[in-house]
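Take a look at the structure set out below.
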2 protein chains.
Amino acid sequence: MRADARKNYDQLLAVASAVVTEEGADASLRDIARRAGVGLATLYRHFPTREALLEALLRTGFDELTTRADELETSSSPEDALVSWLRDCVACAHEYRGVTALMMAAIEDTESALHASCVTMRAAGTRLLTRAQAAGMARTDIDGTDLFALIGALAWLNDQPSLAPRADHLFGIIAGTILTNPHPVSPSSEGVDQ
Amino acid sequence: MRADARKNYDQLLAVASAVVTEEGADASLRDIARRAGVGLATLYRHFPTREALLEALLRTGFDELTTRADELETSSSPEDALVSWLRDCVACAHEYRGVTALMMAAIEDTESALHASCVTMRAAGTRLLTRAQAAGMARTDIDGTDLFALIGALAWLNDQPSLAPRADHLFGIIAGTILTNPHPVSPSSEGVDQ
DNA sequence: ACCTGAACACCGTTCAAGT
DNA sequence: ACCTGAACACCGTTCAAGT
């Protein structure tokens, strides 16, 4: 990549991160190009679709989630690992409002720029879920796709400003459902066993 | 209302119902006016905001839900009544894709044309929930706002085409969470006790 | 009273023309 | 190679002008 192209690419990504954080996944691409001081067609050259731009924005977070799943698989109990990872997923999706609906579409659309990331993420979740199920800690009538869907639903709930006061509570309710022996799941850091 | 105005109003509503069913809550208002054979400003005269148009579209369904809640309160067990009403709510919201997010915003926005309907709906759900809680059939750490939020989450899940195969299953999971003694909740008509 | 077309300021997407 | 401005076909919203 030529030096000027690299500069434009980085600038676009930085501006897009700020704009999408503020406006959500349906932010104006024109506005992003404008604020980046770049022609609109330059944005399209680097990111041929909206999904491609979002994929670039989310890649770091997605990679971290995958790494984190690996860590949790060895460092925590099956139950703690699953719930903790769920929390991280929801927080990641919440960074860019409205991105979850695109992810739900992307997981079945092999052409989408977000497809690979979604499949990887579902696979990581499936590993943690299967482990918890094997340990008798998670209900067995849920599969990785259901888990992915529930993460989406939780992210959607978090995206609704009016539900913000109950967001943590609703997380606990839905996370608790996944566990075999439902009991209150604390949404903050003190773990799930108290 | 003058006869010609009445005709335009009815025509707009009929066309809007078809277009919003197909395109979702963010359908083009211009397109609706065009297909109705009416000037765009005429649509704005009858429905000053998008919410006002959706409110007119949803009113019938909302009224039916309220009536249904009253019926269920006397005709069914607290548990069956709550789950059955939840199913109806989700089906109603699913008629117009994307309407749930607007409802979540409207319940806190007293200026929204959808506000009153949302408050009424939440109140009806709260009655059924409270009754089930009093009978020891629903967990007591959920209030009417949580119930409203969970309906929204379920409607959102139903709006995602890729999750359609699991929609009934996910309904059962979340509906089951609300009940005190979680057990599989059948999404179809055979009740929740088998 | 009620309706309309046109205007304004946006948007996503594409492409010929520039360096 | 890479960038750009302009073009095209859309949008939501408003308003002066018509009957």
Side-chain angles (χ1 to χ4, degrees), chain A residues 1-57 96-99 101-102 105-106 109 111-114, chain B residues 1-57 96-99 101-102 105-106 109 111-114:
Chain A
M1 182 140 53
R2 229 165 64 178
D4 55 345
R6 169 98 255 159
K7 211 191 80 190
N8 282 339
Y9 181 92
D10 293 340
Q11 177 69 6
L12 276 167
L13 221 50
V15 169
S17 175
V19 174
V20 176
T21 296
E22 202 181 338
E23 308 287 339
D26 56 349
S28 162
L29 300 180
R30 228 187 184 89
D31 191 32
I32 291 170
R34 199 159 35 214
R35 292 209 219 176
V38 151
L40 184 48
T42 300
L43 183 148
Y44 273 93
R45 160 184 303 281
H46 288 297
F47 308 104
T49 63
R50 183 180 292 273
E51 275 85 6
L53 176 58
L54 289 168
E55 199 275 336
L57 288 177
Y96 302 114
R97 180 164 32 95
V99 83
L102 290 171
D109 176 10
E111 303 302 308
S112 168
L114 285 166
Chain B
M1 182 143 48
R2 231 165 64 177
D4 56 344
R6 168 99 255 159
K7 211 191 80 192
N8 282 340
Y9 181 91
D10 293 340
Q11 177 69 5
L12 277 167
L13 220 49
V15 170
S17 175
V19 174
V20 176
T21 296
E22 202 180 338
E23 308 287 340
D26 56 350
S28 161
L29 300 180
R30 228 188 184 88
D31 191 33
I32 291 171
R34 200 160 34 215
R35 292 210 220 176
V38 150
L40 183 48
T42 301
L43 183 150
Y44 273 93
R45 161 184 301 281
H46 289 297
F47 308 104
T49 63
R50 184 180 292 274
E51 275 85 7
L53 176 58
L54 288 168
E55 198 275 336
L57 288 177
Y96 302 115
R97 179 164 32 95
V99 83
L102 289 171
D109 176 11
E111 302 302 308
S112 168
L114 285 166

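Within every chain, numbering begins at 1; the chains are lettered A, B, ... in the order of the sequence lines, protein sequences first and strands thereafter. Because the structure is predicted, anything quoted here is derived from the model rather than measured.
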Practice prompt. Would you mind listing every salt bridge (Lys or Arg N to Asp or Glu O under 4.0 Å) that reaches into residues 12-28 of chain A, with sequence neighbours excluded?
Written response: none
Check [X] against [Y] and note the closest heavy-atom contact, atom names and distance.
| X | Y | result |
| --- | --- | --- |
| Ala25(A) | Leu102(A) | CB-CD1, 4.0 Å |
| Gly39(B) | Ala33(B) | O-CB, 4.1 Å |
| Leu29(A) | Leu53(A) | CD2-CD2, 4.0 Å |

Item to complete: Using salt bridge (charged side-chain N to carboxylate O under 4.0 Å, His left out) as the criterion, list what pairs up with Arg30(B), not counting sequence neighbours.
Response: none
Worksheet item: With Asp10(A), which residues qualify under salt bridge (charged side-chain N to carboxylate O under 4.0 Å, His left out), at least two apart?
Response: Arg6(A)
Residues in side-chain hydrogen bond (donor to acceptor under 3.5 Å, both in side chains) with [X], at least two apart?
| X | value |
| --- | --- |
| Arg35(A) | Asp31(A) |
| Asp109(A) | none |
| Ser17(A) | Tyr96(A) |

Item to complete: Any side-chain hydrogen bond (donor to acceptor under 3.5 Å, both in side chains) involving residues 43-53 of chain B? Give me the pairs, sequence neighbours left out, ordered by first then second residue.
Response: none
Any residue in [range] with a heavy atom nearer than 4.0 angstrom to DNA chain C? Just list them by number, or reply none.
| range | value |
| --- | --- |
| residues 16-26 of chain B | none |
| residues 32-50 of chain A | Arg34(A), Leu40(A), Ala41(A), Tyr44(A), Arg50(A) |
| residues 2-9 of chain A | none |

Fill in: Side chain to side chain, Phe47(A) and Leu54(A), heavy atoms closer than 4.5 Å
no
Fill in: Side chain proximity check, Val99(A) to Val20(A), heavy atoms < 4.5 angstrom
no
Practice prompt. Enter the distance from Glu111(A):CD to Leu114(A):CG here, rounded to the nearest 0.5 Å.
Written response: 13.0 Å
Item to complete: Could you tell me the separation between the CG atom of Leu43(B) and the CD atom of Gln11(B), rounded to the nearest 0.5 Å?
Response: 12.0 Å
Discussion item. Give the dot-bracket line for DNA chain D from 5' end to 3' end: parentheses for intra-strand Watson-Crick or G-U pairs under 3.5 Å, square brackets for crossings, | for inter-strand pairing, dots for unpaired.
Written reply: ||.|||||...|||||.||
Discussion item. What is the first contacted nucleotide of DNA chain D and what is the last, in 5' to 3' order, if contact means an atom lying under 4.0 angstrom from a heavy atom of chain A?
Written reply: dA1(D) to dA7(D)
